[in-house]
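Encoded as structure tokens, the structure appears first; notes follow it.
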Amino acid sequence: MTSNTVDSASTRNQADSHGGSSMVSVRSLGKNYGSLRAVDDVSFEVARGEIFGFLGPNGAGKTTCLEMMEGLRKPDAGTITISGIPVWPDPAKVKRLIGVQTQSTAFYEELTVQEVLRLFGALHGRRLSKRVLEDLLDLSGLAEKRKAYTLALSGGQKQRLAIAIALVNEPELVFLDEPTTGLDPQARRRTWEVVKELRDRGKTIILTSHYMEEAEYLCDRLAIIDYGKIIAMDTPVRLVGQLGRKARINFTASRPIEGVSLGLAGSDVGAPNSEGEQTLLAENLDDAIAVLLRTANDEDIEIKNLQVRTANLEDVFLTLTGKELRD
Amino acid sequence: MAFIELLKANTRMHLRNRNSLFWHFAFPLVFMVLFGFIIGQGGGQGPVNIGLSGDPTWTQHVETALGGIEEVDITKGEQDVLVNGIRDGDQHVVVVFDSQAAEPGQPVQVEIFFDPGEEMGAGGVARTMVMGALDGIAKQVQGLPELFVIEQTSVAVEELSFISFLMPGIIGMSVMFSCLFGVASPLVTEREKGILRQVKLTTVPTPVFLAAKSAGMTVIAFLQAFIIIAVGIMFFDVEISGSLLGASVVLFLGSLMMVALGMLVAGIAGRVESVDSIANMIAMPMMFLAGTFFPIDSAPSWLRGIAEVLPLTHLNSGLRDTLVGGQTLGDITPALIAMAVWTAVFIGAASVRFRWEPQKKSNGG
Ligand SMILES: Nc1ncnc2c1ncn2[C@@H]1O[C@H](COP(=O)(O)OP(=O)(O)OP(=O)(O)O)[C@@H](O)[C@H]1O
Ligand SMILES: [Mg+2]
């Protein structure tokens with residue numbers, strides 16, 4: 001243990017000043033793998049009861065960040081406190097507070113779902129009562145699979161079993177590392193409901209994701225991370241809001257609408273394509289729609305197939321980094 | 001409580017896995033049956049032992065006829081002693097000439113004692129040699145083909161006594177393979193798949209986690225011994241003589257020792273693929289050197305020196321002495337001490353090498 005990287009005295013001081021309000025407090029966290037700065041000066045707070053998300057592409061450093069918070073990986077710099085308790089240098093102290101679903105979910109294959117849950121309960125020193133076991137099975141939607149071998153579970157069921165395992169010790173803080181990666185949309189929604197249910201039960205949740213719609217739907221607050229750095233952090237709505245009211249409007253008009261006739265600043269209407277569809281790129285969605293409909297009304301043009309796509313986190317990421325979230 | 005649940009889980013997993021069921025239980029029985037029939041009854045190596053008794057003239061003739069052959073070992077002595085030698089496995093065939101010197105030209109009474117169970121092996125070879133020699137002598141010495149009146153007497157030897165030697169070795173070997181592989185492979189697989197880090201995130205102390213794994217293998221070891229002994233008694237007439245308490249202590253300590261070795265192998269092995277090769281590299285030579293199937297008395301002395309200290313040697317000899325050798329717990333103290341020392345060494349080395357995390361990260365961009 002090197003004491004210059006993790007200074008427990010200063011950690012405790014910080015804990016005193018933050019402990020009451022926030023569940024997690026991370027200050028100037030850093031981790032190098034050789035010359036690679038996998039996590040670079042990351043700081044954030046997570047409030048109790050919040051769902052906090054890390055959104056970022058492959059290799060951004062999300063898992064590394066989580067593992068340092070979970071006590072699995074020792075930071076090279078910075079401090080982490082959970083409920084006021086410093087995670088390092090002795091991660092055992094926070095084990096009772098946290099539940100972890102790791103990114104790779106594998107189980108003892110020759111055990112059934114309920115045997116695995118009981119086993120992990122026992123590993124936490126708890127005998128799972130029938131009520132607790134039933135609750136975990138219901139919550140994770142695995143009640144019917146209780147006697148199935150874990151080997152025989154589908155991808156979504158495995159992910160949910162991993163979440164259930166993370167809950168056996170009734171933690172206050174739950175880490176979910178890519179809980180829905182590789183799942184089909186239906187299985188993903190199912191997992192989302194589990195996460196929402198956890199939030200309703202007052203758990204604090206830190207999750208990672210590649211999917212902007214997932215982050216948008218689940219997270220109260222988001223950190224967008226790229227190359228180990230947090231490049232933006234806010235609520236999903238405000239992150240998107242930073243882009244202004246940019247929007248893309250598609251429509252088919254009975255007679256082509258001339259761009260100039262709209263008189264909208266910063267907007268442009270393209271000529272109709274082969275199917276007669278026109279596209280309007282608007283700086284401000286509300287103004288653009290209003291003007292478009294008024295013009296159509298005034299000039300007696302019929303507008304059909306009106307489609308509006310507002311900016312989303314994908315566009316935020318694109319704007320911030322100049323690249324797509326998923327390669 | 002974590003210990004009990006883990007023990008239950010580990011035992012369950014081993015008994016539910018067909019692959020490990022085969023290796024734990026079917027494999028040793030296959031070995032026992034195959035070796036029992038092949039080595040036990042056929043193709044015996046080494047010298048052919050022939051005992052001669054009775055009229056000195058005729059015994060001298062036989063000795064002259066056969067003594068020059070390299071593989072033939074001739075012993076002269078009392079009839080009773082020699083015939084008992086067949087029961088003990090010291091003699092293959094005993095030839096007794098009527099001591100009342102016959103008149104020249106009169107037939108000579110000869111009794112040949114043999115073990116019918118050895119007909120396919122050295123016993124059969126010996127009898128063929130003796131018959132040939134008598135035939136030659138009759139023609140050569142007397143010119144009388146009908147000189148000898150031969151009576152053949154089969155000596156009831158305890159059936160398959162070789163199995164009695166083999167059975168404890170089979171138990172020792174199975175315990176070694178099961179404990180070594182049964183701990184090393186799962187540990188490395190669990191490490192690679194990230195199950196170990198899930199365990200690390202719980203509050204269970206590492207020694208408890210590993211002790212439960214070990215105890216699960218001890219349960220398997222006792223099941224193995226029980227099944228092998230039961231089959232030995234029922235189908236191969238093995239007679240147990242010794243101390244079951246002693247054998248239990250040997251089994252307990254032996255399984256612990258092999259589990260510790262398995263944990264060390266798991267610590268040395270980087271990835272799943274290398275576990276089996278490392279374990280085999282340790283187990284295979286040990287299996288043969290430790291006197292599992294046959295004593296290695298004829299090996300060069302340096303090899304015997306190595307063999308004498310091997311962990312499996314002590315497990316095998318401890319089991320042999322207490323299961324069929326009539327010895328008690330106190331008699332096998334040296335073997336127990338040797339196993340305890342090995343266990344301590346393995347545990348020490350394994351704890352230095354123990355890792356929760358896979359060597360290389362398996363996910364990520
Ligand atoms: N044990 C390790 N040794 C060396 N480099 C590592 C190690 N673990 C991660 N890295 C590297 O650190 C960077 C961050 O990895 P990390 O797993 O934290 O990313 P991630 O955001 O979780 O990615 P993904 O979305 O693919 O899970 C990557 O470039 C990765 O290759
Ligand atoms: Mg990751």
Side-chain angles (χ1 to χ4, degrees), chain A residues 33 36 38 56-64 67 70-73 91-112 115-128 149-151 162 165-166 168-169 171 175 177-178 181 210 227 326-327, chain B residues 1-24 182-183 185-213 215-216 220 272 355-365:
Chain A
Y33 294 121
L36 174 78
N58 283 126
K62 306 181 291 294
T63 298
T64 306
E67 285 176 350
E70 295 156 358
L72 289 175
R73 213 173 273 284
K93 288 188 186 142
V94 296
K95 274 184 182 176
R96 281 169 205 289
L97 297 174
I98 66 172
V100 176
Q101 180 222 19
T102 53
Q103 186 168 356
S104 54
T105 47
F107 313 98
Y108 291 108
E109 292 178 348
E110 293 95 352
L111 294 185
T112 65
E115 284 169 354
V116 166
L117 287 173
R118 285 222 183 86
L119 175 61
F120 273 90
L123 291 177
H124 277 289
R126 289 168 181 250
R127 183 183 297 279
L128 294 194
Y149 289 119
T150 62
L151 185 65
I165 289 175
V168 288
N169 62 333
F175 291 96
D177 198 355
E178 298 191 19
T181 296
H210 288 176
Y227 290 117
R326 268 164 289 165
D327 4 69
Chain B
M1 192 180 76
F3 179 82
I4 300 287
E5 278 296 321
L6 271 167
L7 175 57
K8 276 203 290 195
N10 285 328
T11 313
R12 263 188 199 131
M13 288 190 279
H14 276 282
L15 296 182
R16 280 176 188 171
N17 185 314
R18 274 197 208 159
N19 204 20
S20 54
L21 271 187
F22 173 81
W23 289 107
H24 292 330
V183 156
S185 306
L187 255 186
V188 177
T189 311
E190 286 164 29
R191 188 169 68 204
E192 293 238 318
K193 283 189 174 175
I195 297 178
L196 281 194
R197 60 178 10 204
Q198 282 175 29
V199 172
K200 189 190 178 190
L201 285 161
T202 70
T203 52
V204 71
T206 312
V208 173
F209 175 71
L210 294 177
K213 264 199 185 306
I220 300 283
V272 175
R355 279 173 287 127
W356 291 98
E357 302 281 336
Q359 209 160 41
K360 274 189 200 155
K361 204 174 142 82
S362 52
N363 67 72

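As a basis for the values below, the full set of heavy atoms in this structure was taken, side chains included, without hydrogen atoms, waters or symmetry mates.
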Nearest-0.5 Å distance, CD1 of residue B/Ile195 to CZ of residue A/Phe107: 8.5 Å
Partner residues of B/Lys8 under the salt bridge (Lys or Arg N to Asp or Glu O under 4.0 Å) criterion, sequence neighbours left out: B/Glu5
Segment of B/Phe3 engaging chain A (4.5 angstrom heavy-atom cut-off): neither
Distance in Å, B/Trp356 CH2 paired with A/Leu72 CG, rounded so as to fall on 0.5 Å steps: 10.5 Å
Spacing of B/Thr202 atom OG1 and A/Asn169 atom CG [to the nearest 0.5 Å]: 9.0 Å
Check: B/Lys193 side chain, A/Tyr108 main-chain N or O, donor-acceptor pair, under 3.5 Å: no
Contacting moiety of A/Arg127, where chain B heavy atoms sit under 4.5 Å: both
Region of A/Gln101 that comes under 4.5 Å of a non-hydrogen atom in chain B: neither
Within residues 14-23 of chain B or reaching into it, pairs that qualify as salt bridge (charged side-chain N to carboxylate O under 4.0 Å, His left out) - sequence neighbours excluded: A/Glu115-B/Arg16
Shortest non-hydrogen contact between B/Ala2 and A/Ala122, atoms and distance: CB-O, 3.2 Å
Crowding at CZ, A/Arg96 (>12 non-hydrogen neighbours, <6.0 Å): no
A/Lys95 (side chain) donor-acceptor with B/Thr203 (main chain) under 3.5 angstrom: no
Side-chain donor/acceptor of B/Gln198 to backbone N/O of A/Ala106, under 3.5 Å: yes
Proximity breakdown for B/Val208 and chain A, heavy-atom pairs closer than 4.5 Å: neither
Ion pair check, A/Glu70 and B/Arg197, cut-off under 4.0 Å: no
Spacing of CE belonging to B/Met13 relative to CG belonging to A/Leu111, to within rounding of 0.5 Å: 4.5 Å
Euclidean distance, A/Ile165 CD1 relative to B/Leu201 CG, rounded to 0.5 Å: 11.0 Å
